[in-house]
Amino acid sequence: MNQQSASDKKGDFQIKTLSRKQNFSFSCHQGIQCYNRCCYQIDIILTPFDILNIKAHLAITSSEFLDQYCLFQNIKGTQVPLIKLKPIDDEKRSCRFVDDKGCQIYNLRPLVCRSYPIGLSVVNEDLKPEDEKDFIIIEDICYGHREKKIWSVQRWKKDQRVIELEQDNLKWMNLVNRMKTLRLSGEEDKKMEFFIMACYDIDTFKSFVFNSSFFKRFEISPEKIKKLEANEKELLVFGLSWLDFALFSEGDLKPKKI
């Protein structure tokens, strides 16, 4: 998106850039006229930590979650895959986690849902990395913007627990932006498989790490190995760091000297 003005109309919504000093009005609650309408015709990007948290809640493997609940969609003009939540196959294209009372996984809701109406520019296909900034999405269907509660972007993110989740996903966001510049073909397609596995399929990545010669090839302490085996979040953070090495031959992970 070429941001020549503060506001860009796109269909039935507007995108307005915000500075850190600007405020906006917004509130969402059960009594509002549009309650749950944003959970229809969904286009929800899932981050690696969204997938980790929701699949654990459902007590299924990451592979099962990807197969049953997700769609793969490449970022426009690239081979970089994003994971989107698969809607129910009905006229409304409903989120499969919503009912009349609202979101069934509210405490685990995806980062893009949690951030709304503030957008995540790092996963907005129309924004280039150099253009990234906070922006607000104003949809015709949403009456939340007519509410009187006033927020700054930072206060909204803190209230919705966005800041800590953005921090968790920062490594992935940076990898996505770097991956946009790659033009992979032939044998290099293996890099994309590594990216998908380490970011989105933690159970397959765990098998890749623990059921191979992985620890014989890299300098990793026994204490670190125990943490990786016991904690999936630790393993995901490690996987994102491993991608620095696997994709770009960079990072802190050191191969053992032979």
Side-chain angles (χ1 to χ4, degrees), residues 1 9-15 28-127 137-144 160 162 165 169 172-173 176 179 189 192-193 195-205 232 236:
M1 180 172 63
K9 289 187 177 181
K10 190 176 181 183
D12 57 356
F13 67 89
Q14 292 180 321
I15 294 174
C28 182
H29 51 86
Q30 281 192 325
I32 202 166
Q33 183 176 342
C34 60
Y35 191 63
N36 282 352
R37 286 187 65 186
C38 58
C39 301
Y40 304 128
Q41 302 300 323
I42 61 167
D43 187 24
I44 299 173
I45 294 171
L46 299 175
T47 73
F49 287 90
D50 293 332
I51 294 170
L52 188 71
N53 292 333
I54 299 172
K55 75 96 180 177
H57 170 76
L58 296 172
I60 60 177
T61 68
S62 51
S63 295
E64 289 171 331
F65 180 74
L66 292 173
D67 287 342
Q68 297 173 28
Y69 291 86
C70 300
L71 300 169
F72 283 76
Q73 181 176 313
N74 288 354
I75 294 176
K76 186 168 54 181
T78 77
Q79 296 182 51
V80 183
L82 295 177
I83 305 299
K84 293 192 175 184
L85 189 61
K86 184 190 298 183
I88 293 174
D89 188 15
D90 61 10
E91 287 185 5
K92 293 183 177 180
R93 296 186 71 250
S94 313
C95 174
R96 57 191 59 241
F97 294 117
V98 72
D99 59 21
D100 292 340
K101 296 179 180 179
C103 181
Q104 300 169 23
I105 57 165
Y106 186 78
N107 290 333
L108 298 173
R109 65 196 186 280
L111 182 55
V112 293
C113 301
R114 193 179 293 272
S115 300
Y116 186 86
I118 302 301
L120 294 178
S121 59
V122 74
V123 291
N124 184 326
E125 298 178 4
D126 293 326
L127 287 178
I137 303 164
I138 303 175
E139 297 186 87
D140 291 345
I141 65 167
C142 181
Y143 288 77
Q160 300 297 309
V162 168
L165 290 171
N169 283 289
W172 168 72
M173 292 176 175
V176 167
M179 292 288 286
D189 283 340
M192 200 61 71
E193 293 178 19
F195 177 79
I196 293 170
M197 176 179 65
C199 290
Y200 307 131
D201 194 352
I202 193 68
D203 293 293
T204 297
F205 180 64
E232 285 192 334
L236 176 53

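If you're wondering where the values come from, they're calculated on a predicted model, not measured in any experiment.
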Problem set entry | Shortest non-hydrogen contact between Ser62 and Tyr200, atoms and distance | CB-O, 3.9 Å

Exercise. Side chain to side chain contact (heavy atoms under 4.5 Å, CB included) with Ile105: which of Leu58, Val98, Ile54?
Worked result: Ile54

For this session: Check Cys70 against Phe65 and note the closest heavy-atom contact, atom names and distance.
Result: SG-CE2, 3.4 Å

For this session: Please examine the side chains of Asp43 and Arg93, heavy atoms only from C-beta on, and report whether any two atoms are closer than 4.5 Å.
Result: no

For this session: Quick one: closest heavy-atom pair of Ser63 and Thr204, and the distance?
Result: OG-OG1, 3.4 Å

Problem set entry | Donor-acceptor pair, side chain of Arg114 and main chain of Val162, under 3.5 angstrom | no

Problem set entry | Spacing of Leu52 atom CG and Leu46 atom CG [to the nearest 0.5 Å] | 12.0 Å

Exercise. Quick one: is the NZ or CZ of Arg109 closer than 6.0 Å to the six-membered ring centre of Tyr106, and within 45° of its axis?
Worked result: yes

Exercise. Could you give the distance from CG (Leu236) to CD1 (Ile202), rounded to the nearest 0.5 Å?
Worked result: 5.0 Å

For this session: Can you see which heavy atom on Gly119 is nearest to which on Ile137, and at what distance?
Result: CA-CD1, 4.2 Å

Exercise. Does the side chain to side chain contact (heavy atoms under 4.5 Å, CB included) test come out yes or no for Ile45 and Gln73, once each step is laid out?
Worked result: CA-CA 10 Å; Ile45 294 171; Gln73 181 176 313; over 6 Å; no

Problem set entry | Intermediate values then yes/no, side chain to side chain contact (heavy atoms under 4.5 Å, CB included), Val80 and Phe195 | CA-CA 9 Å; Val80 183; Phe195 177 79; 4.2 Å; yes

Exercise. CZ of Arg37 to CG of Asp140: how many Å apart, nearest 0.5 Å?
Worked result: 9.5 Å

Exercise. Counting distance only, does the side-chain N/O of Asp201 pair as donor-acceptor with the main-chain N or O of Ile196 below 3.5 Å?
Worked result: no

For this session: Kindly give the heavy-atom pair with the smallest separation between Cys113 and Ile44, and that separation in Å.
Result: SG-CD1, 3.8 Å

Exercise. When you look at Tyr116 and Cys142, which way does the side chain to side chain contact (heavy atoms under 4.5 Å, CB included) test go after all the steps?
Worked result: CA-CA 11 Å; Tyr116 186 86; Cys142 181; 3.8 Å; yes

Exercise. Got more than 12 heavy atoms from elsewhere within 6.0 Å of CG, Asp100?
Worked result: no

Problem set entry | Side-chain (Arg96) to main-chain (Pro87) donor-acceptor, under 3.5 angstrom | yes

Problem set entry | Where Cys199 and Pro48 come nearest, the two heavy atoms and their spacing | O-CB, 3.0 Å

For this session: To the nearest 0.5 Å, tell me how far Phe97 CZ sits from Gln104 CD.
Result: 8.0 Å

Exercise. Is it true that a side-chain atom of Asn36 and a backbone atom of Asp99 form a donor plus acceptor pair closer than 3.5 Å?
Worked result: yes

Problem set entry | Distance in Å, Ile51 CD1 paired with Leu85 CG, rounded so as to fall on 0.5 Å steps | 10.0 Å

Problem set entry | Working for side chain to side chain contact (heavy atoms under 4.5 Å, CB included), residues Met192 and Met179 | CA-CA 9 Å; Met192 200 61 71; Met179 292 288 286; 3.6 Å; yes

For this session: Please answer whether the main-chain N or O of Lys92 pairs with a side-chain N or O of Gln41 as donor and acceptor at a distance below 3.5 Å.
Result: yes

For this session: Please confirm whether the backbone N or O of Tyr35 pairs with a side-chain atom of Gln30, one donor and one acceptor, at under 3.5 Å?
Result: no

Problem set entry | Thr61 OG1 to Asp67 CG distance, which is reported to the nearest 0.5 Å | 8.0 Å

